[in-house]
Amino acid sequence: MNIGVVVFPGSNCDHDCQYIFRDVLGQDVTMVWHKEASLTRLDAVILPGGFSYGDYLRTGAIARFSPVMGAVKKYAADGGLVLGICNGFQILLEAGLLPGAMLRNQSLHFICNDVHVRVENAATPFTSACKPSQVLKIPIAHADGNYYTDPVTLAGLQANAQIVLRYCTPDGKVTSGGNPNGSLDNIAGVCNAAGNVLGLMPHPERCAESVLGNDDGRLILASLVEGMKKAKPQTVGE
Amino acid sequence: MSVITNDLIAQHNLTGDEYKHIIEILGREPNLTELGMFSVMWSEHCSYKSSRVHLKKLPTTGPRVVQGPGENAGAVDIGDGLCVVFKMESHNHPSFIEPYQGAATGVGGILRDVFTMGARPIALLDSLRFGGLDTAKNRHLMKGVVSGIAGYGNCMGVPTVGGEIVFNDIYSLNPLVNVFCLGIAHKDKIFRGTAAGVGNPVIYFGSKTGRDGIHGATMASDSFDDKSEQKRPTVQVGDPFQEKLLLEACLELMAGDLLVGIQDMGAAGLTSSSCEMASRAGNGIELDLTHVPRREPSMTPYELMLSESQERMLMVAKAGKEDECLAICRKWDLDVAVVGRVTGDGILRVKDHGTVVAEIPAKALADDGPRYERSYTLPPYQDILTNLNCDLIPDVKDANAVLLSLLESSTIASKRWVYHQYDHMVRTNTMVRPGSDAAVVRIKGTNKAVAMTVDCNSRYCMLHPYEGARLAVAEAARNLVCSGAEPIGLTDCLNFGNPERSDIMWQFVLTIEGMKDACEHLRVPIVSGNVSFYNETNGLSIYPTPMLGMVGLIEQADRTTTQWFKAEGDDIILLGTAREDLGGSEYLKVVQAREQGSPPFLNMNAEKALHDCVLAMIRAGMVQSAHDCSDGGLAVALAESAMSGPDRLLGAVVTLALGRLRKDAVLFGESQSRVVLSAKLVHRQAILDSARRVGVPVAVIGSVTGNRLVISLEGEQSAVKVIDVPVAMLYDRWAFSIERTLHQA
Amino acid sequence: MKAKIHVTLKQGILDPQGKAIEHALDMLGFKRAANVRVGKYMELDLNQTDRAKAEAEVKAMCEKLLANTIIEEYRFELG
Amino acid sequence: MKAKIHVTLKQGILDPQGKAIEHALDMLGFKRAANVRVGKYMELDLNQTDRAKAEAEVKAMCEKLLANTIIEEYRFELG
Ligand SMILES: Nc1ncnc2c1ncn2[C@@H]1O[C@H](COP(=O)(O)OP(=O)(O)O)[C@@H](O)[C@H]1O
Ligand SMILES: [Mg+2]
């Protein structure tokens, strides 16, 4: 299986994604420079975390115009698996591949810490290895993860089970106490209507090895690897 | 017609003698550009004119040392063909003027120092000093500095894995911002700042040059006074995004066979990078300013040569490789231009639109600056400081209350409010996050890990600079050892007042001697460092603060240890003994408002034996947790072991021998060479035996149990319970104290 | 021609930055300040003499890049 | 009374945001835009009818909190 990791100027979790999929999960990984206009023979595309274009103006606002994003849109429209982590999620929002927008964290601070998330939909290609309502401990690291969308869109997300992960307390309660950043409806991750594009703020690649003291994130990454086997290989040109 | 007036000379912080020396070197009067260039290069900050003669005494060699002081950063071999490259730098003055940008550009500068060597930065640590949080100004400084470090480091994708913060009003007008960076490089691919090979092209790349920070270097060599407001336009603004591109471009350039030498443009910008590179190679450089990318059209040669715009580098490429270099820089959207050539005449010659605007022997500018053997004398006030009669101080009555107030005091309180703003996990190497004695990052592709700590108890240093320096070295090494690491190298950042004062110089000289003796004893070489003088406002100087950044190697990453208790029922074992070490303690400051006395006694042989003993036990897998005793003494160390774990709080029941000591000395005294271990019962005998074999005092003092911290003191007759508090209460006071202070204000 | 662009959060969207500033003003004793809202202000030079064209161009910039119309609104002046 | 406050970087001070936006506008084909500078815009209600007093108060807010006068300058209107 061949996973593409897109490198935007300012991406800084690109190497982490490369390492986890290649060296830990044994997949082929192709680093895709943001100026490339086509995605060839990839079984999944990762938009990694970081500060693309310095997060200047708004997070993800400039990166969405990188040439590669046209190809990512087509790739997603054809059913390819796309995972946006943190800054990758923010880029997917700005690009309109996922609904909503990010506001500054309620505390106005960057927050780097372990949080708990509850798997609200275990039937996606990104969560199939999880049990429904399973609680995962995964770190976040962001200043703009306060998810917002209008009430109509929110109702749609809820109705279609597009809210894949919600922030919760360690024992799985979705409360404001378990919400680190003020995110609407405790949303930590959402997918598109077709279910093949997921954006999430927590970083599963940071907690997928026991030497780092936590491998809950592996469930999400392993789900993706399984999911790729089921989806057909994608090639998207100009 | 001389343009150089006495006023101009004084404005450039040059003395009459220094100016005469310039005339001798040039054989003529300098022009204004040349005067500016000399002034920045001969500033204290760049020339180390007051410190050089003393720094030479430090031990800098050892079997692992790949690069000692003199380059952008030091490098130490860790095996597997790899080395760690590290350094620490101060950005104190800029951070006082503009805390966010000052701290941010400090991070930017130290990162460049490390990646210019060919190393990918993998960890940052920050060491901060502020005045007490009871004033709005100090709170503002701390908030600004912390968000500046976060803003820059997080964006760069380099985790800030540790640090320390101490609050003391002596730093109110002179806060300290010291940042440590460590990178990893292949041992045979270390790059140096050298302009070898006559005819090779000199290439500028990175950001455009603006009028930022002109005279930043001379400012850092100047005390503050009420007129420092006027110096404000020298503030530089950092662009971490640009630096991230610069980092990736540099590493790509270095991966090819393209470069002869490379150096970042730090303090004194284009002037220092060009003359230092030329001087190291014994060559000259001819620069043509016409090609220097600039932000504002009408910049003068003086401004271009002295600008301290951030995120810029200078490289000397192999002749014929220019185009490849330019292409890589352009790929990363950097400004880039060939701005000169290496010459064989040893002269730094600067041209602008065809005319020569400066012509100075590179070596004279870079290395032959003034050197002072400043006088130093024991200050008369020193006696008053150390004179402490403990008999006049009542022993502790309510030890519970004292423990809580110590844990709540901002110096001891948890720094979680700070490090949760730092991305400390990016790069997925962080095995031990902030919150233990040392940070630990694994080295991918090996079984190894590297531990890092920054330490300095500046109150000890103020009370006795020589002892304080030794104590700092010992504590740093002990913190590493408690993580399972063998200390392999040290970098320092020596923060002092005005070196023209003989009492300050005395502090400096004794500090160097203390560091030297301690490092020789522990066999830890000093491979890089930085001196920051003039941390003084209106004649009031900071405590001498020789900040140390020490690096340790863990050969087997799975034998890494943390400071918190692991399991109910484990033994708690104390290595080392208590003495009546109350002088200079946090306890005296918090409870008695005294910063007085002699710092704790330190026997280097006992310290070294302790380190060897702890390391051997950890490597043998006998230890569950290890925590050194430092600020707040044994009671605080026990409380920290009980409450600092990531997932749960664990209680402890402990009985300590009182002997002939005061209660407060046993509980809160800061006797050195002590470590609190916890271990499974099966290892008890082996631990006792191996400590006794090497003469390290050892005692089983209690066990991990329940959810309270209970400490009894065993006197002549029976044990008396002096501390009994729920761990959850200790945690609440300690964990959220800083947050509460900031929010209530 | 110079364009002066204001981008602000839409009414009804919580502005944590504005709230924080309001709180800080209050602490500093500025008790008369209320309803603080924070936005962005951008200036740029436009090499365009035709006013209508300039208007269309700046509008396009705002829609595409400068504002995220899910959460923000914008207005601009030319001069 | 309403105060409208603009805080912008002083001339000569590097504006990394402005630079990045300019680069993005260029990428998007808006080639006529140049010298993008980014600042802050703040609005607040001031419970004060005396114009002179309001003026003094907003100036004090700017100096103390809203602008970082080391690198920024500010201007405001009341209305
Ligand atoms: N400014 C800071 N940045 C990051 N981490 C910090 C900072 N200050 C303290 N810490 C972390 O908090 C923990 C306790 O610090 P400290 O009390 O100084 O440790 P020690 O006494 O063992 O040297 C350490 O893990 C340290 O790395
Ligand atoms: Mg310690």
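Below, chains carry the letters A, B, ... as their sequence lines are ordered, and counting in each starts from 1. Worth knowing before you read on, the calculation uses all heavy atoms, side chains too, and leaves out hydrogens, waters and symmetry mates.
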Option in Ala54(D), Ala60(D), Ala34(D) with maximal non-hydrogen atom pairs under 4.5 Å from chain C: Ala34(D)

Considering only heavy atoms from C-beta outward, does the side chain of Leu44(C) approach that of Leu25(D) to under 4.5 Å? yes

So which heavy atom on Arg32(D) is nearest to which on Asn47(C), and how close? NH1-O, 2.5 Å

Proximal component of Leu66(D), with respect to chain C [non-hydrogen, under 4.5 Å]: side chain

Counting only heavy atoms from other residues, nucleotides and ligands, does the tally under 6.0 Å from NZ of Lys10(C) exceed 12? yes

What I'd like to find out is whether the side chain of Gln17(D) reaches to under 4.5 Å of the side chain of Met42(C), using heavy atoms alone. no

Which heavy atom in Leu65(D) sits nearest to a heavy atom in Ala24(C), and how many Å separate them? CD2-CB, 3.8 Å

Between Ala3(C) and chain D, with a heavy-atom cut-off of 4.5 Å, which part of the residue counts as in contact: side chain, backbone, both or neither? neither

Closest-packed option against chain C by number of heavy-atom pairs under 4.5 Å, given Gln48(D), Met1(D), Lys40(D), His6(D): His6(D)

